[in-house]
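Quick note on labels: first sequence line is chain A, next is B, and so on, each numbered from 1. Hydrogens, waters and symmetry mates are skipped; everything else that's a heavy atom, side chains included, is used.
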Number of protein chains: 2
Amino acid sequence: MASRETIGPHPTRIEILKSAAAAFRRLGYHGATVEQIAAALHMKKGNLYYYFHNKEEILFACHQYSLERLMGLLHEVEQSGLAPDVKVRRLIVAGVHTILDELHGTALFLDLEALSPAHLKTIIAGRDQFDQGLRRLLEEGVKAGVFDRGDIKLRSFAMLGALNWIPRWYDPDGPATSQEIADRFADYLIAGLRVHEA
Amino acid sequence: MASRETIGPHPTRIEILKSAAAAFRRLGYHGATVEQIAAALHMKKGNLYYYFHNKEEILFACHQYSLERLMGLLHEVEQSGLAPDVKVRRLIVAGVHTILDELHGTALFLDLEALSPAHLKTIIAGRDQFDQGLRRLLEEGVKAGVFDRGDIKLRSFAMLGALNWIPRWYDPDGPATSQEIADRFADYLIAGLRVHEA
DNA sequence: ACGTTAGTTGAACGAACGTTCAAGTTCAAC
DNA sequence: GTTGAACTTGAACGTTCGTTCAACTAACGT
């Protein structure tokens, strides 16, 4: 007796999240309609309410999914025992791939302001955890002498901004593959961190 | 006989644009209502239609204003005759100040997808011009031997991403002033461009 | 064959919002 | 004081969209 409860997340739920994420990214939360999200899956809009209580819950689930994936990457890197600069490179490269290839650019772009206060609090907290994880890596690099001293917070914001902005210009059919973007971004963002000869 | 035509843009139009920009930034284009934009100015929503044909025209005007300001900075820098790395620093510092202090974080964040096809084309074209201006500065630096060879396009996207993301985390009452952000961002983003000893 | 459960549908609702407009107000010029 | 243009208002309209729900179908164990 394998019930839905024991067997894990409902496959249809995930399909809905994918469709919603794509719609939200293209049109924004308010710009995308429940009907569009459903139509992309050959469903009727009423049907989505069998799987979610309301539109906002769908948005929240999208946010959570993205955050979970990125936090997973962070923990992998943190426990890898690699050198600090290699850790940061791994995180950037894996992060770009996750955002572009798996989340299709929907990572952290979704409207926050449309979330309910409780959900917003949860997502902000998760985002802060990721930020602070990145900062720990940078501090590690500073202590190891490979990264320059300086405001870690602002540099981490700059790095996250560069990454989060990628979906705004990325074209899957364009000249740059996600692999190239990942590598060149890692090159550039890490080069700015390194100690430069006085 | 100073008519509205000869005296320049209507002051009320500008007030509306400011209010709209603030609302769009907080809530997104679809999330912000015409009534809210008007209420912030102690106006009734119907009144806005005396100054603009519709909501989309307001969004377009916001985009245009931001673009004009940033293009102005670009041209100033381009004609300054300074060294390439100093030019880039000037552009970053002035850009951060413009985005935070003058545009109040509304620069390039506004929804593009809500624009009409014709307006969208105009804004995209303007944005491309800015991108290409930045790339010209980078190429100049490469030719002068102060910037590292490498993919200029991707590095310019990384820089613009870092800058455009600032409004997402900036808190006017927070610890970092716009001056500090401008300086530290310039430090970091330019450090990653410089040639590093082989 | 029957019953149960899971999933789907179409129609309807109520609220919110962009837009219109005729009527109203203000005020400077004559 | 009258006129007329600039500007404002409140109410109304038409649409769209999120949400609900009772009825319907499909699949499957017994």
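Rounded to the nearest 0.5 Å, atoms CD1 (A/I124) and NE2 (A/H63) are 9.0 Å apart.
Using a 4.0 Å cut-off, some side-chain N or O of A/Y50 falls inside it from OP1 or OP2 of C/dG7.
In this structure, CG of A/L41 is placed 15 Å from P of C/dG7, rounded to the nearest angstrom.
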Take nucleotides 9-25 of chain D nucleotide by nucleotide from the 5' end and write B, S or -, depending on whether a protein heavy atom sits under 4.0 Å from the base, only from the sugar-phosphate, or from neither.
BS------SBBB-----
Derivation of the side chain to side chain contact (heavy atoms under 4.5 Å, CB included) call for B/V146 and B/V195:
CA-CA 6 Å; B/V146 294; B/V195 289; 6.0 Å; no
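Judged by the 6.0 Å and 45° rule, B/R135 forms a cation-pi pair with B/F157. Under a cutoff of 6.0 Å and an axis angle of 45°, B/R89 and B/F185 do not form a cation-pi pair.
Nucleotide C/dC17 has D/dG14 as its partner under the Watson-Crick or G-U criteria, with both atom distances under 3.5 Å.
Residue contacts for A/F52: at a heavy-atom cut-off of 4.0 Å it reaches no nucleic acid atom on any strand shown.
When all heavy atoms of A/A186 and A/V93 are compared, the pair lying nearest together is CB-CG2, 4.1 Å.
By the neighbour-count criterion of 12 heavy atoms within 6.0 Å, atom CD of A/E35 is sparsely surrounded, having that number or fewer from other residues, nucleotides or ligands.
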